[in-house]
Amino acid sequence: MPKMIVSIDEVVIKEVQITKDRTTLGRRPYNDIVIDNLAVSGEHAVILMAGTDIFLEDLNSTNGTYINGKAIKKQQLRHGDGIEIGKYKIKFMADGVADNFDKTMVVQARPAPTAAQPLNSGFSTVAGDSQGLGAFHAAIKVLSGAASGREVPLTKVVTTIGKPGVAVAAITRRQQGFVVHHVEGAGNPTLNGSPIGADPVPLKNGDLVELAGTQMQFVQH
């Protein structure tokens, strides 16, 4: 089904599948796609689905809605269109069109002598387009909890770690290396004991990340 991939400063923060005839987007919490930023109006825009056609309509927002750099009032969306709302960029992926984003998948720990266990029961990765990012080889090594000693290779553009609804952070692969930032949840993650905020922070080999009660180490080879 069609979906929207929301990012800011090249960091993917959420993917939203379009399943309803009317999907609202705005700053207020009752919207289907919530973007909590003052540049975004409370009710900023609406995504309308009519059969196989998808339209984006601006709801007289303060700062406007842009598709591929042009301000719009209402326009049909095509696969790969880039939507700009404030500093946020939203990529539209049409239904049934192959793209470079893998589905969310739970990372499985290596089988133990008894039975395999999922990595800390809630850790997952979200993959993105990994083309043209250089030959960086890195992983997150879990230091505590049931999955202690396991390593999660950071092979994709974005890897989210944590427990949805508790605390989630995203590690993003860039040309110059890796960065980490807080995505959601009340439990703020820390990097070497210092809180991680919404702004991306560079990662160095050996850095310690703590999230949702689990200690991890960033390892770059």
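Keep in mind the model is a prediction, meaning the values are calculated, not measured. Basis for what follows: all heavy atoms, side chains included, without hydrogens, waters or symmetry-related copies.
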*Asks:* Can you tell if the side chain of Ile171 reaches within under 4.5 Å of the side chain of Ile140, non-hydrogen atoms only?
*Replies:*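 Yes, side chains in contact.
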
*Asks:* Using the rule that two of Ile, Leu, Val, Met, Phe, Trp, Tyr join whenever any of their side-chain heavy atoms come within less than 4.5 Å, decide whether Val16 and Phe92 are in one cluster.
*Replies:*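 Both belong to a single hydrophobic cluster.
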
*Asks:* What distance separates Lys74 NZ from Ile67 CD1, expressed to the nearest 0.5 Å?
*Replies:*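 That separation rounds to 12.0 Å.
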
*Asks:* Would you say Ile72 and Val40 are hydrophobically clustered, going by side-chain heavy atoms of ILVMFWY under 4.5 Å?
*Replies:*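 In one cluster with Ile72: Val40, yes.
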
*Asks:* How close do Gln215 and Ser144 get, heavy atom to heavy atom, and via which atoms?
*Replies:*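 Taking Gln215 first and Ser144 second, the nearest heavy atoms are N-OG, 2.9 Å.
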
*Asks:* Is there a continuous path of hydrophobic side-chain contacts, each under 4.5 Å between heavy atoms, that joins Ile33 to Met49?
*Replies:*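 Ile33 and Met49: one cluster.
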
*Asks:* For atom NZ of Lys89, is the number of surrounding heavy atoms from other residues, nucleotides or ligands below 6.0 Å larger than 12?
*Replies:*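 No, the 6.0 Å shell around NZ holds no more than 12 heavy atoms from other groups.
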
*Asks:* What is the minimum heavy-atom distance between Pro189 and Ala169, and which atoms define it?
*Replies:*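 Heavy atoms of Pro189 and Ala169 come nearest at CG-CB, 4.3 Å.
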
*Asks:* Can Ile47 and Phe55 be said to form a side-chain contact (heavy atoms from CB on, under 4.5 Å), step by step?
*Replies:* CA-CA 6 Å; Ile47 300 160; Phe55 295 87; over 6 Å; no

*Asks:* Mind running side-chain contact (heavy atoms from CB on, under 4.5 Å) on Ile90 and Ile5 for me, showing each step along the way?
*Replies:* CA-CA 5 Å; Ile90 305 173; Ile5 300 170; over 6 Å; no

*Asks:* What's the spacing between Ile196 CD1 and Leu211 CG if we round to 0.5 Å?
*Replies:*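 CG of Leu211 is found 7.5 Å from CD1 of Ile196.
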
*Asks:* If I take atom CG from residue Leu77 and atom CE from residue Met93, how far apart are they, to the nearest 0.5 angstrom?
*Replies:*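 With rounding to 0.5 Å, CG (Leu77) is 12.5 Å from CE (Met93).
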
*Asks:* Pairs in or reaching into residues 24-51: which pass salt bridge (charged side-chain N to carboxylate O under 4.0 Å, His left out), with residues at least two apart or in two chains?
*Replies:*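 Checked against salt bridge (charged side-chain N to carboxylate O under 4.0 Å, His left out) - neighbours excluded - the pairs reaching residues 24-51 are Lys20-Asp32.
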
*Asks:* In the structure I gave you, are the side-chain heavy atoms of Val179 and Thr172 within less than 4.5 Å of one another anywhere?
*Replies:*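 Side chain of Val179 against side chain of Thr172, heavy atoms only: contact under 4.5 Å found.
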
*Asks:* What's the shortest heavy-atom distance between Pro2 and Ile54, and which atoms?
*Replies:*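 Smallest heavy-atom distance, with atoms named: CG-CD1, 4.2 Å.
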
*Asks:* Report the distance from atom CG of Leu56 to atom NZ of Lys73, rounding to the nearest 0.5 Å.
*Replies:*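 If I round to the nearest 0.5 Å, the distance is 10.5 Å.
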
*Asks:* Can you name the nearest heavy-atom pair linking Arg173 to Leu154, along with the distance?
*Replies:*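 Scanning both residues completely, I find the closest heavy atoms to be NH1-O, 3.4 Å.
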
*Asks:* OG of Ser61 to CD1 of Ile85: how many Å apart, nearest 0.5 Å?
*Replies:*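 It comes to 7.5 Å.
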
*Asks:* For side-chain contact (heavy atoms from CB on, under 4.5 Å), just list the numbers for Met4 and Ile18, CA-CA rounded to whole Å, side-chain angles, deciding distance to a tenth of an Å, and then say yes or no.
*Replies:* CA-CA 7 Å; Met4 298 288 189; Ile18 306 302; 3.9 Å; yes

*Asks:* Are Leu48 and Tyr66 linked, directly or through intermediate hydrophobic residues, by side-chain heavy-atom contacts shorter than 4.5 Å (ILVMFWY only)?
*Replies:*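 Different hydrophobic clusters.
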
*Asks:* Between the side chain of Asp53 and the main-chain N/O of Gln76, is any donor-acceptor distance below 3.5 Å?
*Replies:*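 Checked: no pair found.
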
*Asks:* Minimum heavy-atom separation for Thr24 to Tyr30, with atom names?
*Replies:*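 Heavy-atom minimum between the residues: OG1-O, 4.5 Å.
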
*Asks:* Do Thr214 and Val142 come within less than 4.5 Å of each other through their side chains, counting heavy atoms only?
*Replies:*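 Result yes, sub-4.5 Å side-chain heavy-atom pair found.
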
*Asks:* Following the transitive rule for hydrophobic clusters with a side-chain heavy-atom cut-off under 4.5 Å over Ile, Leu, Val, Met, Phe, Trp and Tyr, establish whether Met216 and Leu208 coincide in one cluster.
*Replies:*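 Different clusters: Met216 never reaches Leu208 through Ile, Leu, Val, Met, Phe, Trp or Tyr contacts under 4.5 Å.
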
*Asks:* I need the minimum non-hydrogen distance between Glu151 and Ala139, along with the two atoms involved.
*Replies:*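 For Glu151 and Ala139, the tightest heavy-atom pair comes out as OE1-CB, 3.8 Å.
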
*Asks:* Keeping His137 on the side-chain end and Pro153 on the backbone end, is there a donor-acceptor pair under 3.5 Å?
*Replies:*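 The answer is no, because no donor-acceptor pair under 3.5 Å joins these two groups.
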
*Asks:* So, does Asn68 use its side chain to make a donor-acceptor pair with the main chain of Gly82 at under 3.5 Å?
*Replies:*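 Side chain of Asn68 to backbone of Gly82, a donor-acceptor pair under 3.5 Å: yes, one is there.
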
*Asks:* Has Lys87 got a side-chain atom pairing as donor or acceptor with Ala39's backbone, closer than 3.5 angstrom?
*Replies:*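 Between the backbone of Ala39 and the side chain of Lys87 there is no qualifying donor-acceptor contact (under 3.5 Å).
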
*Asks:* Could you state the interatomic distance from OG1 (Thr65) to CG (Asp58), rounded to the nearest 0.5 Å?
*Replies:*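 Interatomic distance, Thr65 OG1 to Asp58 CG, rounded to 0.5 Å: 3.5 Å.
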
*Asks:* For the pair Leu25 and Val46, evaluate side-chain contact (heavy atoms from CB on, under 4.5 Å) and give the outcome as yes or no after the intermediate values.
*Replies:* CA-CA 6 Å; Leu25 186 154; Val46 62; over 6 Å; no

